[in-house]
Amino acid sequence: MTGRFDPAVADVRWQKTWDEKRCFIADPDSGKPKAYVLEMFPYPSGRIHMGHVRNYTMGDVLARYKRMKGHEVLHPMGWDAFGMPAENAAMERGVHPDGWTRSNIAAMRDQLKRLGFALDWSRELATCDPEYYGHEQALFLDLYEAGLVYRKESEVNWDPVDMTVLANEQVIDGKGWRSGATVERRKLSQWFLKITDFADELLDGLESLEDWPDKVKLMQANWIGRSDGLRFRFKLAADGADADYPWVKAGLAAAPEVEVFTTRPDTIFGASFVAVAPDHPLARAVAAENPDAAKFVAEARSVGTSEEAVESQEKSGFLTGIEAVHPLEPEWRLPVWIANFVLMEYGAGAVFGVPAHDQRDFEFASKYELPIRRVVARPDQDASTPIGDAAEPGEGVIVNSKFLDGLSVEEAQDAVIRRAEEQGWGTRETAYRLRDWGVSRQRYWGTPIPIVHCNSCGPVAVPRDQLPVLLPTDVSFDMPGNPLDRNEGWRRTSCPECGGEALRETDTFDTFVDSSWYFIRFASQPIDKAFDPSEAEQWLPVGQYIGGVEHAILHLLYARFWTRALRRIGRLDIEEPFNGLFTQGMVTHETYRAGDGSWLSPDEVTKTGDDWVRIVDGTPVSSGRVEKMSKSRRNTVDPEPIVDKYGADAVRWFMLSDSPPERDLEWSEAGIEGAARFVQRVWRLASGDTGGEGKDRDLQRKLHRTIAAVGEAIEALQFNKAVAQLYELVSAMEKAAPSAARTEAVRVLVRLVAPMAPHLAEDCWERIRGDGLVADAPWPAFDPALLVEDQVILAVQVNGKLRDTLRAPRGLDRAAAEALALASDKVQRQLAGAEPRKVIVVADRLVNIVA
RNA sequence: GCGGACGUGGCGGAACGGUAGACGCUGGGGACUUAAAAUCCUCUUCCCGGAAGGGAGUGCGGGUUCAAAUCCCGCCGUCCGCACCA
């Protein structure tokens, strides 16, 4: 039989067949065990990129494998369709965000379909569909009514380029995650979701996520940043005339105290100062009275929170002249400073400084010559050992600390907290780094926040029967800012409560709200509500979720929160949305630069000998490091022409080969060529002579071992290992003479490659007259008895070094193995007449002779 | 600074503490062909050697073990996350 597998014909043909037979429509009532395989849905930028191809190929292999193993598989696809790029396109090209987004979706859907993914397109959704965001508005109101939403004027991260607010999670090194602009501080009224109410749950829940990467769990744990400690109050010394105290003048007379939070209450006798944040009420009170203080506060606040600012900024403080009373030593006074390193948002917005055992306090004390007093000593130190040129934050025994002396750090912490609680000046408390999630965005292309602002009633929820609050279509993008603010016709409305004049909320949701529940909507999509809990619970939690690690904190934390919030308000009985998580690596490519330093794309350059040159004029090109494919580096490779040239299966196969899926995959022409060759080799095996009688025990064993190994590798998401196994099997089959075993091997091979190269597999299946579609065929079973060889190769070592390998029957006993090894010429030569002192035998593996 | 991951041929990478380098790519040699493409065979960690064979070898230095890429200790390097978090 001659000819070649022709993907141009086969791809279209089988995609059509799967579609017509509704192969991948998930049926909740099939009675089969359910499996929910999900990849992070894409933003409809207009074209798919190699990262999508890799991501969706991995999910597809798993989905198809699970189907073959007898599961009812839910493997849906949709569009994370709201967001800035649509508005940018509107501003740059005058197209409407809706039209732009819709046509992008149509283009990308076609591209995805060409790759033959086993997706249930009947459940496709886009977050910009009113049917989707309307339900989201209702869910938001549910949370609002349950007290999990609040509005507050707060200092926010303002992106001056995108002209919107960013969540803390979206500020990377002090810059906006999309625009890269340095983020400013602004005061705005914002809607917040109470994610901090779930801090403990979200942290503790991580422990149940056994099939998540440790790295991601750790990142989330660090992000939540739980610290256990003591919150306590310092009384402010009021020894002089009351009226002079700044807090009295500032109207704070009722609270002549300052509260601090510490994780090291054991070091309380090492305190040498108290410091408050520049935003602290006490600091403001002082600033109101003292121009120097006001100047200091203003300067401290003007410094950004960017990395450079924080690193280069020296610790500095302003001595207020106020004194705090040590809670355990009433005669002991500590100076109160305003310090630029104290954050108002964390803990109590004030700290007490222990220079000996905290590096930051140490630096501050060194600068202002404050006492540095040891209160913890390591075994090689005592109470009088001076502190060197750095703080000692570690463990030890408490010294110089009255009733705490001799206790361990941990014991002393307990003792101080207990005493504080008994005496009523402090309480055990847990502080978190996590802040509430600000979800307001000053953008058009997002889900409208379903709130109306009434002059007399304040913010009022839009009644359910008026949902969805639709985005108006008559908007203009001819000036910066949010077009909703300028759309009076849409904005003006009446108050649902009093009927008076009111204005709609013009902010829209952060798009991470949209992606916080789409996996639930995939599982159940009734018309009249967001989801039906009993139907959704049949599929959820997602069995395997696959996506990029860049969402380790943002999306994955928000989705966990949203799921738990729905549970708390009784809407869905699921604790964690994603049972298994896999974060795949990026697709990378070499970068190229012309002589003038500009980036060149891979199709502008060619290699002549060892050097790269520009195709147009032959000028030399320098090849740079391998980096993530990106537009700015111009090192992207568009999947579409690759699929045209090699077919979907070769692309899929290459995406799974070589690199372990969690690591980066370097795109190479040679790699895709190799994958295309493999596709043809399989096709030739299935098209070749299938006659032949008789057994081939070696091939049969190889086959059964491969079935076991490939299944195991797919389940562990080690696709590169599955690929290597299949290469070995194909190689062995090509070398084997025709036999019944070989014929059987072809039938099995086709099914083993089906999850990875489904079009090829269908074509082969048809040629060998398999029943129905290979997509519906059961995964081949293996015979455990055939996994073991009856001949083994024994490694023979002398003093741990390999000297010989010997073929031996399986199950040889110690003495026989030893005798066999000692009979080896090579061993005898190494021993040179010496008597073995000891012989180690590992059954069926090796013999080590120690001389 | 804190936390984490990783370090194996020319390259991507395999390797329950038990034959290091599977498999793929690249490269060399060969077969088929008028020629090419396609395909197939073969070699490809390094050093000495014609070969047989020998030696070295998993970032570096120690250790545990009959046996270490794998376990332990200490360095060095690369990457990622967080970052004045009290």
Side-chain angles (χ1 to χ4, degrees), chain A residues 2 4 172-174 213-223 225-227 229-231 260-264 267 275 277 305 307 309-311 313-315 339-343 345-354 358-361 363-364 390 393 431-434 549-550 552-553 626 653-654 657-660 662-666 668-675 677-678 680-681 684 718 720-731 734-735 793-806 826 829 836-842 844-851:
Chain A
T2 54
R4 295 171 61 78
I172 315 291
D173 292 341
D214 289 338
K215 176 192 166 82
V216 174
K217 288 193 275 189
L218 196 71
M219 280 166 71
Q220 291 211 354
N222 289 341
W223 189 264
R226 178 185 159 125
S227 315
L230 170 70
R231 179 188 276 262
V260 298
F261 175 76
T262 180
T263 56
R264 293 295 302 273
T267 62
T305 50
E307 186 182 3
V310 166
E311 271 200 351
Q313 187 192 3
E314 206 182 325
K315 288 173 184 41
N340 64 349
F341 63 85
V342 182
L343 305 173
E345 310 90 70
Y346 187 78
V351 298
F352 72 98
V354 183
D358 181 287
Q359 184 58 28
R360 192 195 45 201
D361 296 345
E363 287 169 32
F364 190 78
Y432 300 90
R433 215 186 74 101
L434 184 71
V549 73
E550 66 273 18
I553 336 193
V626 174
W653 186 260
F654 176 60
S657 310
D658 295 350
S659 286
E662 68 279 8
R663 289 203 218 165
D664 291 351
L665 170 73
E666 189 184 347
S668 76
E669 202 70 17
I672 183 75
E673 297 272 2
R677 267 199 297 277
F678 177 80
Q680 296 299 340
R681 285 168 75 189
R684 273 197 299 277
Q718 295 173 333
N720 58 321
K721 291 191 199 171
V723 162
Q725 289 289 333
L726 287 165
Y727 270 114
E728 280 194 56
L729 176 63
V730 164
S731 204
E734 287 168 342
K735 290 187 176 80
I793 294 180
L794 280 184
V796 181
Q797 298 179 330
V798 176
N799 292 330
K801 279 192 176 283
L802 183 74
R803 294 301 171 187
D804 204 356
T805 53
L806 302 171
K826 292 172 184 170
R829 210 179 309 149
R837 285 194 294 130
K838 190 174 174 186
V839 177
I840 284 109
V841 177
V842 180
D844 295 332
R845 290 206 76 116
L846 98 163
V847 180
N848 186 12
I849 296 156
V850 185

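Chain A is the first sequence line, chain B the second, and so forth, proteins listed ahead of strands; every chain is numbered from 1. Given the structure is predicted, the values throughout are model-derived calculations rather than measurements.
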Do A/F654 and A/V723 have side chains that get closer than 4.5 Å, going by heavy atoms?
no
Selected nucleotide, minimal atom distance to [X] side chain, candidates [options]:
X      : options             : answer
A/R829 : B/G53, B/G4, B/C25  : B/G53
A/K315 : B/C84, B/C25, B/A86 : B/C84
A/M219 : B/C80, B/C84, B/G81 : B/G81
A/N340 : B/C84, B/C66, B/C80 : B/C84
A/E728 : B/C23, B/G54, B/C85 : B/C23
A/R4   : B/A38, B/G53, B/A86 : B/A38

With rounding to whole Å, what would you report as the distance between [N] and [M] at their [atom1] atoms?
N     : M     : atom1 : value
B/C6  : B/C73 : P     : 15 Å
B/C66 : B/C85 : P     : 49 Å
B/A68 : B/G57 : C1'   : 14 Å
B/C11 : B/G1  : P     : 31 Å
B/C16 : B/A69 : P     : 13 Å
B/C25 : B/C43 : C1'   : 16 Å
B/G54 : B/U39 : P     : 39 Å
B/G13 : B/U45 : C1'   : 14 Å

Respond yes when some side-chain nitrogen or oxygen of [X] is under 4.0 Å from OP1 or OP2 of [N], and no when none is.
X      : N     : value
A/Y727 : B/G24 : no
A/R677 : B/C25 : yes
A/R226 : B/C85 : no

Annotated protein contacts, base or backbone, on nucleotides 8-21 of chain B with a non-hydrogen cut-off under 4.0 Å, one of B, S, - each:
----BSSSB-BB--
Tell me if a side-chain donor or acceptor on [X] pairs with a main-chain N or O of [Y] at a distance below 3.5 Å.
X      : Y      : result
A/Q718 : A/P660 : no
A/R4   : A/Q680 : no
A/R231 : A/F261 : no
A/R360 : A/K315 : no

Partner nucleotide of [N] by Watson-Crick or wobble geometry (both distances under 3.5 Å):
N     : result
B/A15 : none
B/C40 : B/G30
B/C25 : B/G10

If I take atom [atom1] from residue [X] and atom [atom2] from residue [Y], how far apart are they, to the nearest 0.5 angstrom?
X      : Y      : atom1 : atom2 : result
A/E734 : A/L729 : CD    : CG    : 10.0 Å
A/Q725 : A/N720 : CD    : CG    : 11.0 Å
A/N222 : A/L434 : CG    : CG    : 12.5 Å

Rounded to whole angstroms, how far apart are CD on A/E345 and P on B/A83?
12 Å
Aromatic rings A/F678 and A/W653: how do their planes relate, parallel, tilted or perpendicular, breaks at 30° and 60°?
parallel
For A/K215 and A/K801, find the nucleotide of RNA chain B closest to each by heavy atoms; which residue's nucleotide sits nearer the 5' end?
A/K801
Between A/R803 and A/D358, name the one whose nearest nucleotide on RNA chain B is closer to the 5' end.
A/R803
So what does [X] touch, heavy atoms closer than 4.0 Å: a base, only the sugar-phosphate, or nothing?
X      : value
A/L218 : sugar-phosphate
A/G671 : nothing
A/V796 : nothing

Chi class for B/G9: syn within 90° of 0, otherwise anti:
syn
